[in-house]
Amino acid sequence: MSVHKDVKVVTTHILSEMKLKGEKIAMLTAYDYSLARLVDQAGVDVILVGDSASNVMAGYETTLPITLDNMIYHAASVVRAVKRALVVVDLPFGTYQGNSKEALNSAIRIMKETGAHSVKLEGGAEVSESITRILSAGIPVMGHLGLTPQSIHKFGTYVVRAKNKEEAERLKNDAKLLEELGCFGIVIEKVPAKLAKEVALSVKIPVIGIGAGGGVDGQVLVLHDMLGITQEFSPRFLRRYNNLAAEIDGAVKSYINDVRTLDFPNEKEQY
Ligand code: KIV
């Protein structure tokens with residue numbers, strides 16, 4: 001029997017069961033009430049309030065500027081809409097790397113002020129203390145390895161990660177470590193498909209890929225990218241399921257035209 005079809009509320013335990021039974025996990029980002037509601041109603045398993053809100057919602061070039069207060073605002077809006085999906089919230093840059101006490105305080109703020117179910121943070125061994133401390137407060141943690149956008153200035157580009165042996169080994173070790181620490185899942189971003197599959201097979205926790213091929217336990221995409229709202233971002237891994245930018249453009253132009261030609265509002269559209 002299928003795990004995800006019958007489940008009324010997705011928990012971290014449900015995600016492990018899905019992995020065990022070979023059922024793929026569908027995860028998408030959302031940052032606001034209205035779209036989170038649609039995404040949840042459509043049946044996605046996990047909603048990520050990603051710090052990609054920094055790019056998509058606020059128009060920054062990187063994910064670095066978004067603040068904890070910003071993330072809390074987005075996450076609380078999403079949580080108000082969601083009835084079924086597990087909600088994961090990104091800890092933004094600068095709120096968990098420095099010291100583990102600050103990391104715990106940031107995670108507690110997210111859990112208390114938004115009602116979300118878990119947090120995600122980027123990195124492996126270098127953030128293990130923070131992960132341990134957050135977990136010790138009973139807060140589920142998801143890891144994020146491979147391309148970690150909060151470190152963009154260290155790497156300089158958004159190219160595929162872990163293509164060489166040394167980086168691939170580090171990624172495999174980090175994945176094992178995240179599992180040992182007690183993370184309930186890992187996002188792996190933009191690494192070779194063969195490596196991502198190897199990692200997914202080597203750990204019991206679900207591995208969710210973005211630009212990491214089909215051999216992992218689930219997929220995540222940025223909602224605005226897969227809906228075709230964002231236009232300038234076109235990596236190979238992105239499948240666009242709609243072209244909402246064109247649809248919105250058409251609708252807005254029709255509205256402008258109707259206003260200018262006195263077609264809107266008509267008699268039925270007034271009191
Ligand atoms: O912030 C985000 O949207 C993410 C995904 C790309 C996984 O971390």
Side-chain angles (χ1 to χ4, degrees), residues 15 24-32 35-36 39 44-68 70-75 77-78 85-97 106-107 110 114 116 118-124 127 131 141-152 155 157-162 171 174-175 178 183-191 196 199-200 205-213 216-227 229-230 232-240:
L15 298 181
K24 298 289 182 186
I25 296 163
M27 173 164 161
L28 279 174
T29 66
Y31 319 101
D32 67 64
L35 286 180
V39 168
V44 83
D45 303 305
V46 184
I47 293 182
L48 170 65
V49 186
D51 59 357
S52 49
S54 182
N55 313 105
V56 174
M57 302 302 288
Y60 289 116
E61 245 179 59
T62 72
T63 57
L64 274 65
I66 200 160
T67 65
L68 187 57
N70 294 155
M71 289 303 294
I72 286 171
Y73 168 78
H74 288 298
S77 308
V78 166
L86 181 90
V87 179
V88 184
V89 183
D90 265 338
L91 280 171
F93 176 67
T95 65
Y96 62 93
Q97 294 96 338
S106 307
I110 286 179
T114 73
S118 58
V119 298
K120 173 165 86 58
L121 50 81
E122 295 181 6
V127 287
I131 292 175
V141 176
M142 183 169 229
H144 185 151
L145 300 172
L147 194 159
T148 47
Q150 290 178 12
S151 311
I152 181 59
F155 296 105
T157 72
Y158 289 101
V159 295
V160 180
R161 296 290 195 268
L171 189 137
D174 277 340
L178 293 182
C183 290
F184 72 88
I186 307 171
V187 164
I188 293 200
E189 181 165 354
K190 219 167 173 187
V191 303
V199 171
I205 55 175
V207 173
I208 313 291
I210 173 163
V216 288
D217 307 305
Q219 299 293 328
V220 57
L221 284 176
V222 169
L223 184 67
H224 292 62
D225 296 337
M226 61 84 80
L227 290 178
I229 297 175
T230 49
E232 47 300 312
F233 183 66
S234 266
R236 187 205 302 203
F237 69 76
L238 175 61
R239 185 179 294 182
R240 288 198 201 283

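Keep in mind that what you see is a predicted model, and the values were worked out from it rather than measured. Both ligands and their constituent atoms are indexed starting at 1 by order of listing.
- The distance criterion of under 3.5 Å between nitrogen or oxygen atoms is not met by Thr29 with respect to ligand 1.
- For the side chain to side chain contact (heavy atoms under 4.5 Å, CB included) criterion with Asp90, the lone passing option out of Met71, Met142, His74 is Met71.
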Side-chain donor-acceptor contacts of residues 216-224 below 3.5 Å, not counting sequence neighbours, with atom names and distances?
from	atom 1	to	atom 2	distance (Å)
Asp217	OD2	Lys19	NZ	2.8
Asp217	OD2	Val207	N	2.7
Gln219	NE2	Gly213	O	2.9

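- Residues Gly123 and Thr148 come closest through the heavy atom pair N-CG2, 4.2 Å.
- Using a distance-only test at 3.5 Å, with no hydrogens or angles considered, a donor-acceptor pair links the side chain of Ser106 to the main chain of Thr95.
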Which pairs would a plain distance check flag for residues 55-63, meaning a side-chain donor or acceptor within less than 3.5 Å of a matching protein atom at least two apart in sequence or in another chain?
from	atom 1	to	atom 2	distance (Å)
Asn55	ND2	Tyr60	O	3.2
Asn55	ND2	Glu61	O	3.1
Thr62	OG1	Leu64	N	3.2

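- For atom 5 (C) of ligand 1, the closest non-hydrogen atom on the protein side is Leu48 CD2, 3.7 Å.
- Residue Asp90 touches ligand 1 through its side chain alone, judged by heavy-atom distances below 4.0 Å.
- The Ile210 neighbourhood of ligand 1 comprises atoms 6 (C), with distances under 4.0 Å to a heavy atom of that residue.
- With ligand atoms numbered from 1 in the order given, ligand 1 contributes 3 (O) to contacts under 4.0 Å with heavy atoms of Val222.
- Contact between Ile47 and Ala85 at its shortest, heavy atoms only, is CG1-CB, 3.8 Å.
- Interface of Asp51 with ligand 1, defined as ligand atoms under 4.0 Å from a residue heavy atom, comprises 1 (O).
- Polar contact check, Lys120 against ligand 1: a nitrogen or oxygen pair lies under 3.5 Å apart.
- For ligand 1, the atoms closer than 4.0 angstrom to any heavy atom of His144 are 8 (O).
- Not a single N or O atom of Glu189, backbone or side chain, sits closer than 3.5 Å to an N or O atom of ligand 1.
- Arg161 places a side-chain N or O within donor-acceptor distance of the main-chain N or O of Val159, the cut-off being under 3.5 Å.
- Among all non-hydrogen protein atoms, the one lying nearest atom 2 (C) of ligand 1 is Ser52 OG, 3.2 Å.
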